[in-house]
2 protein chains.
Amino acid sequence: MNLDDVARRAKVSTATVSRVLNQVGAVRSTTRARVMRAIEELNYYPNLNARTLAGGTSRTLGMIVSNLENPFFLDIFRTVEADAYRRGYEVLVAHTDYRPARLVSSVRVMLGRHVAGLALVVSEMEPSLIRELENSKLPVVFYDVGTARPNITNIKVHYRHGMQKIVSYLHGLGHRRLAFVGHHTALGPLHERKRAFLEVTAEYAPGMRVVTVANVDGLAGGQHAARELLTSGFDPTAIVCVNDIMAVGVLRELRAQRIAVPRAVSVTGFDDVALAEFVVPALTTARIPREEIGHRICETLLADHSSARERPAPGLEVIIETELVVRESTAPAPARRSTPKRFARRKPRAR
Amino acid sequence: MNLDDVARRAKVSTATVSRVLNQVGAVRSTTRARVMRAIEELNYYPNLNARTLAGGTSRTLGMIVSNLENPFFLDIFRTVEADAYRRGYEVLVAHTDYRPARLVSSVRVMLGRHVAGLALVVSEMEPSLIRELENSKLPVVFYDVGTARPNITNIKVHYRHGMQKIVSYLHGLGHRRLAFVGHHTALGPLHERKRAFLEVTAEYAPGMRVVTVANVDGLAGGQHAARELLTSGFDPTAIVCVNDIMAVGVLRELRAQRIAVPRAVSVTGFDDVALAEFVVPALTTARIPREEIGHRICETLLADHSSARERPAPGLEVIIETELVVRESTAPAPARRSTPKRFARRKPRAR
DNA sequence: CCACTCTGTGTAAGCGCTTGCAAGATTACG
DNA sequence: CGTAATCTTGCAAGCGCTTACACAGAGTGG
């Protein structure tokens, strides 16, 4: 079942059927009706591969994500998908599991499918890829990584401002001894957050004492970091975490050790994933507006597709601001205790 | 940049390049090496649309989901994606937002892209679609909806057993007054769960008193249902929820009203989404093994792709069993109180 | 040493669709 | 009513790839 069948049934040429399907060119209304009826009767739908091959473009956006498990990326994907759908586009996702090799092969697949635009929402990156994408002339959006280029737009979060919001909020609550729980990476957004934290505490809140714990990722990493902190003797009044997941891990360990949050120690996250709201105590965090990011991605990728041709699109850079969301995991710093070596502990309650 | 360019550079014909790329037919090893080098040097990658058009099949699986926001569906998708990737397939997702119209159009898109197999993990369904898919001869898997057909495999969860596990567990704890919080739908898996609950309580635990609250979906629905229960005068000792999300809503309302869970009332969910573990108190629930479902989907879709041709695959039906996961939201039923009209309340603690 | 079977490679016909070009049909206008 | 301008439609050439078929050269056995 193909265009030919439809054309034969409607007694026109395939060219005419194509024009009806794509609503281009001029077709007499009676002819159009005849064609539409034939399509209807035959229950015809077009072969999209053939269409893309012949036409050169597909109404498809590509999106590559490090990890769909991460609700953060998922939220972005959902927004992009919804926006794209509204404009008649579908979106092809691939996830890389943080492996550069998969990134490269995914990009190849996307290019091989001739997507109309490509969003890379990943934390790993290969420099050679950027060159390849630049040469492809395809509209590309990077989130949080890479550099702007003629056809590449860059979306960045203002981590500095975000950390500033968190730190100045904690400072206002009287906290003077902060711990930072982060990663070991010397690159990427996670490292940027750490640097932002250190800069902010140094410049805006010079009276603060600061310690950082570097760790593996995820919830377990947070737990581990908390344990490490508890035995370090630093005794912070607040623990600033590089993201929400780590913060939940910290919360968990603190709970296991019967250390009251936020009475004895405050905890903050970063991102504001859904979990942040449900965990107990609900997490104070800096919200990155995922929806806005998704909208911007779709907007950028689809922007010129109608009036195409000469948009030079000067290496655009989009800056996204975060929003401090105060919940239950933060409170005024406890008064200085006689034994600064120990966290205040709730008395172990019977179970 | 296409096959021709590679062929010219390697001084062979396009046919030979194609054979090297697809590892079919016989190619002399020296020729192969020359072709590979040309591919390398030109940084060539194939046009997948052309390949699919010419070859008839694509190494792509399609998956249509009602709502990727639902972590349950997402888990299935992730497993399918991972399995598919391991076998050299990519997967195209679409989500329908529970709208039948989007389902139909998504199926069209998948067929139009000539996917090698299609998984429908949706709760809405159009009877006409089943016929269409049946005619397409494409390997199809339905999850939790639809009927088995020659080319259509059906994966079903044994809700009856699941509910039986929950009810008999609660019965063993001494609970005799159960409330069920569910939906209004008269169809689909959610309705099946409700029916299973009613049948189980009637047959296996005849001494129980039962009330059902039908509601809208989601967390808010659960909260609303709990409020309704609190004013109904039924005073259950345990609340069985149709899924985890609703259960979390119930938990939330109970907490707001300072009703102790599980001391005064036990709560159970269904599904075991990630949230169930993090909520306080952690939710007792019947776990549907998402990974297993994902594996089965991939396995089914890719099964015959090598030895294809004559698999009649008699309308297969796959039954998945649930597993009771006991956490903190359930406990022995409280002793009968003098004023059965009221839930036991914790005394409001100071904040 | 010849008929025959493999093995390796090229030729060319599509796969289903879009689109530039040109011809035929229709309309406008003097 | 004739001619030019405009609207409709069809023809046919691809898009980049796969694959049946043909065929040349290399083994093989008798």
Side-chain angles (χ1 to χ4, degrees), chain A residues 1-36 38-39 42-60 108-116 136 305 308-309, chain B residues 1-36 38-39 42-60 108-116 136 305 308-309:
Chain A
M1 159 95 65
N2 54 25
L3 262 201
D4 256 326
D5 296 323
V6 177
R8 210 166 315 125
R9 177 153 195 134
K11 300 206 193 312
V12 294
S13 72
T14 62
T16 300
V17 178
S18 175
R19 283 190 276 257
V20 169
L21 279 170
N22 297 298
Q23 312 183 32
V24 299
V27 179
R28 190 180 301 161
S29 67
T30 60
T31 313
R32 181 197 316 287
R34 220 165 61 236
V35 170
M36 303 247 269
I39 290 173
L42 291 174
N43 200 23
Y44 166 85
Y45 51 92
N47 180 324
L48 299 182
N49 294 300
R51 175 176 287 183
T52 303
L53 178 59
T57 65
S58 63
R59 293 184 75 81
T60 302
R108 287 288 172 89
V109 167
M110 294 296 179
L111 293 179
R113 282 223 178 279
H114 281 231
V115 292
S136 77
H305 244 260
R309 223 40 56 193
Chain B
M1 161 94 64
N2 54 25
L3 260 201
D4 256 325
D5 297 321
V6 176
R8 210 167 312 126
R9 178 157 195 130
K11 302 206 193 309
V12 295
S13 71
T14 62
T16 300
V17 178
S18 175
R19 282 190 277 257
V20 170
L21 280 170
N22 297 299
Q23 311 181 35
V24 299
V27 179
R28 190 180 302 161
S29 65
T30 60
T31 313
R32 182 197 315 287
R34 221 167 58 237
V35 170
M36 302 246 270
I39 289 173
L42 292 174
N43 199 23
Y44 165 85
Y45 51 92
N47 180 324
L48 299 181
N49 294 300
R51 176 176 285 182
T52 303
L53 179 59
T57 65
S58 63
R59 293 183 74 81
T60 302
R108 287 289 172 89
V109 168
M110 295 295 179
L111 293 179
R113 283 223 176 278
H114 281 232
V115 293
S136 76
H305 245 260
R309 222 41 54 193

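Throughout, protein chains are lettered first and strands after them, A, B, ... in sequence-line order, and every chain is numbered starting at 1. Note that this is a predicted model, so its numbers are computed, not measured.
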Which range-with-range stems can be found for DNA chain C when each stem has 3 or more Watson-Crick or G-U pairs in a row and both distances sit under 3.5 Å?
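Stems for DNA chain C, defined as runs of 3 or more consecutive pairs: C:1-30 with D:1-30.
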State, to 0.1 Å, how close Lys11(A) and Arg34(A) come at their nearest heavy-atom pair, and which atoms those are.
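It is O-NH2, 3.6 Å.
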So which atom in Ala7(B) and which in Val17(B) form the shortest heavy-atom distance, rounded to 0.1 Å?
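Scanning both residues completely, I find the closest heavy atoms to be CA-CG2, 3.7 Å.
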For the backbone of Asp5(B) and the side chain of Asn2(B), can you confirm whether one donor and one acceptor N or O come within less than 3.5 Å of each other?
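Here the side-chain-to-backbone pair exists.
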Residues 42-53 of chain B, side-chain donor-acceptor partners within the protein, below 3.5 Å, at least two apart:
residue  : atom : partner   : partner atom : Å
Asn43(B) : OD1  : Arg108(A) : NH2          : 2.4
Asn47(B) : OD1  : Asn49(B)  : N            : 2.9
Asn47(B) : OD1  : Ala50(B)  : N            : 3.0
Asn49(B) : ND2  : Arg113(A) : O            : 2.9
Thr52(B) : OG1  : Leu48(B)  : O            : 2.9

Given protein heavy atoms under 4.0 Å, the one-letter contact record of nucleotides 14-27 of chain D, with B base, S sugar-phosphate only and - none, is simply BBBBBB--------
Integer-rounded Å distance: dG10(C) P and Lys11(B) NZ
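Whole-Å distance recorded here is 12 Å.
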Please enumerate all residues that pass side-chain hydrogen bond (donor to acceptor under 3.5 Å, both in side chains) together with Arg9(B), with sequence neighbours excluded.
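Only Glu41(B) meet the side-chain hydrogen bond (donor to acceptor under 3.5 Å, both in side chains) criterion with Arg9(B).
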Can you give the donor-acceptor pairs under 3.5 Å from side chains of residues 18-27 of chain B to other protein atoms, not counting sequence neighbours?
residue  : atom : partner  : partner atom : Å
Ser18(B) : OG   : Asn22(B) : ND2          : 3.3
Asn22(B) : ND2  : Ser18(B) : O            : 2.9

Spacing of CG belonging to Leu3(B) relative to CZ belonging to Arg8(B), to within rounding of 0.5 Å:
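Separation between the atoms: 11.0 Å.
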Looking at residues at least two apart in the chain, or sitting in another chain, which of them share a side-chain contact (heavy atoms from CB on, under 4.5 Å) with Ala54(B)?
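Here no residue qualifies.
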